[in-house]
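Letters A, B, ... mirror the listed sequences (proteins, then strands); counts begin at 1.
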Number of protein chains: 2
Amino acid sequence: MFQVDTMSRQPVYEQIIHQLERFVLSGVLKPGTQLPSVRSLSMELSINPNTIQKAYSELDLRGVIYSVPGIGCFVSENAVALLGEHKRENLGLLYQLAQELALAGIAKDEVLHTVEQAYSAHDKGGNTI
Amino acid sequence: MFQVDTMSRQPVYEQIIHQLERFVLSGVLKPGTQLPSVRSLSMELSINPNTIQKAYSELDLRGVIYSVPGIGCFVSENAVALLGEHKRENLGLLYQLAQELALAGIAKDEVLHTVEQAYSAHDKGGNTI
DNA sequence: TAACTGTACTATATGTCATAATACAGTTGA
DNA sequence: TCAACTGTATTATGACATATAGTACAGTTA
């Protein structure tokens with residue numbers, strides 16, 4: 001399920017957070033589902049348990065998951081809504097990125113077309129419930 | 001001219017590269033223009049000279065600027081074209097970002113509108129020659 | 001009771017970033 | 001010629017984030 005690239009510039013714990021967010025948003029991990037334990041996932045990915053816990057801790061802090069000591073970690077009921085709000089902040093990044101492309105002389109239609117492609121790829125992927 | 005935020009997560013040398021790229025693309029720094037010297041810019045920004053040199057070295061390697069030992073650094077003649085190609089790679093980033101937003105349930109029209117805003121802000125900014 | 005769960009802690013290693021201090025060779029103008 | 005600039009190179013040092021390693025504790029479950 002999870003995959004990790006140790007050679008990536010992006011920290012491993014961020015990769016795990018990012019993947020878990022996508023699993024929740026795409027419905028692969030539904031609210032209430034128990035996540036793989038810190039130790040089992042660390043062994044599966046050949047990664048230190050502390051790295052997994054760092055990812056889980058941050059998601060727990062944000063309310064996306066919740067942990068029950070002695071039992072395990074679970075996807076929160078309002079995880080999808082929380083992630084929706086969280087991802088909305090990326091609109092600012094997209095705005096900056098579009099400004100960069102405008103400055104570099106890339107045509108507006110080309111950028112708009114890229115957005116269209118991203119959305120059609122998403123729809124065809126059957127990720128809409 | 002240049003500004004630096006030491007507290008930013010983005011490395012200082014990357015900030016300088018980014019700003020210089022924007023100055024070139026916006027016409028503030030034209031081809032042939034001599035850049036501030038490593039030492040003078042380091043003093044102006046209260047930054048170590050090595051940090052400036054790291055930024056200049058990378059831009060020199062990419063051909064955006066060229067350096068003449070004993071004289072100084074200058075904006076290359078084909079800098080704008082080089083930067084155009086370089087920035088085009090960001091279309092891939094924008095594609096990924098748009099997919100993220102689609103997955104998070106943000107409406108396509110909202111994303112398209114953000115792109116429109118970025119381009120209209122660019123035009124009104126008078127950055128087109 | 002054994003085996004699992006999350007959590008906490010210290011120590012260590014690594015790589016990137018930035019600073020500090022020199023040093024060298026080339027250019028320029030007084 | 002000489003002082004003052006230019007880019008370039010080198011070594012040492014410190015701060016910081018990331019990741020690993022090992023250990024430990026408390027709660028849960030079959």
Chemist: Tell me the interatomic distance from A/Tyr56, atom OH, to C/dT5, atom P, rounded to whole angstroms.
Modeler: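 Computing the A/Tyr56:OH to C/dT5:P distance gives 10 Å.
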Chemist: May I ask you to verify if any side-chain N or O of A/Lys54 is less than 4.0 angstrom from the OP1 or OP2 atom of D/dT18?
Modeler: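 True: A/Lys54 side-chain N/O within range (under 4.0 Å) of D/dT18 OP1/OP2.
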Chemist: Grab the OH-P distance between A/Tyr13 and D/dA19 for me, whole Å please.
Modeler: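 Between P of D/dA19 and OH of A/Tyr13: 7 Å.
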Chemist: Assign each of B/Ser40 and B/Asn50 to its nearest nucleotide of DNA chain D by heavy atoms, then name whichever residue's nucleotide is nearer the 5' end.
Modeler: B/Ser40
Chemist: For A/Gln3, look at atom CD and say whether over 12 heavy atoms of other residues, nucleotides or ligands are found less than 6.0 Å away.
Modeler: no
Chemist: Please state whether the phosphate of C/dC4, meaning OP1 or OP2, lies under 4.0 angstrom from any side-chain nitrogen or oxygen of A/Ser37.
Modeler: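 No, A/Ser37 has no side-chain N/O under 4.0 Å of OP1/OP2 on C/dC4.
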Chemist: Does a side-chain N or O from A/Ser67 land closer than 4.0 Å to OP1 or OP2 of C/dT7, or not?
Modeler: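 Checking A/Ser67 against C/dT7: at least one side-chain N or O falls below 4.0 Å of OP1 or OP2.
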Chemist: Could you check how far CG of B/Asp60 sits from P of D/dA9, rounded to whole Å?
Modeler: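 After rounding, the reported distance stands at 10 Å.
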Chemist: Between P on C/dT16 and CD on B/Gln10, what's the gap in Å once rounded to a whole number?
Modeler: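 It is 17 Å, rounded to the nearest whole Å.
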Chemist: Figure out the CZ/C1' separation between B/Arg39 and D/dG7, and round it to whole Å.
Modeler: 7 Å
Chemist: For A/Leu45 and D/dT20, give me the distance from atom CG to atom P, rounded to whole Å.
Modeler: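 Between P of D/dT20 and CG of A/Leu45: 10 Å.
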Chemist: Select one nucleotide: of D/dA9, C/dT28, C/dC17, the one nearest the side-chain heavy atoms of B/Ile71.
Modeler: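 From the listed options, C/dT28 comes nearest.
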Chemist: Do you know which two heavy atoms are closest between A/Phe23 and A/Met1, and how far apart they sit?
Modeler: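 Looks like CZ-O, 3.6 Å.
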Chemist: Treating Ile, Leu, Val, Met, Phe, Trp and Tyr as nodes and any side-chain heavy-atom pair under 4.5 angstrom as an edge, say whether B/Val24 and B/Phe2 lie in one connected cluster.
Modeler: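 B/Val24 and B/Phe2: one cluster.
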Chemist: Compare every heavy atom of B/Val111 with every heavy atom of A/Tyr119, then report the nearest pair and how far apart it is.
Modeler: OH-CG2, 3.3 Å
Chemist: Less than 4.0 angstrom between a side-chain N/O of B/Ser57 and OP1 or OP2 of D/dT8, yes or no?
Modeler: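 No, outside the criterion.
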Chemist: For the pair made of CD in A/Gln53 and P in C/dC4, what is the distance, rounded to whole Å?
Modeler: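 Nearest whole value for this atom pair: 18 Å.
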Chemist: Closest nucleotide of DNA chain D for A/Gly70 versus for A/Asn48: which of these residues is on the 5' side?
Modeler: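 Checking each residue's closest nucleotide, the 5'-ward one belongs to A/Asn48.
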Chemist: Tell me if a side-chain donor or acceptor on B/Ser37 pairs with a main-chain N or O of B/Ser40 at a distance below 3.5 Å.
Modeler: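 Yes; at least one donor-acceptor contact below 3.5 Å.
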Chemist: May I have the distance from B/Gln34 (atom CD) to D/dC5 (atom P), rounded to whole angstrom?
Modeler: 14 Å
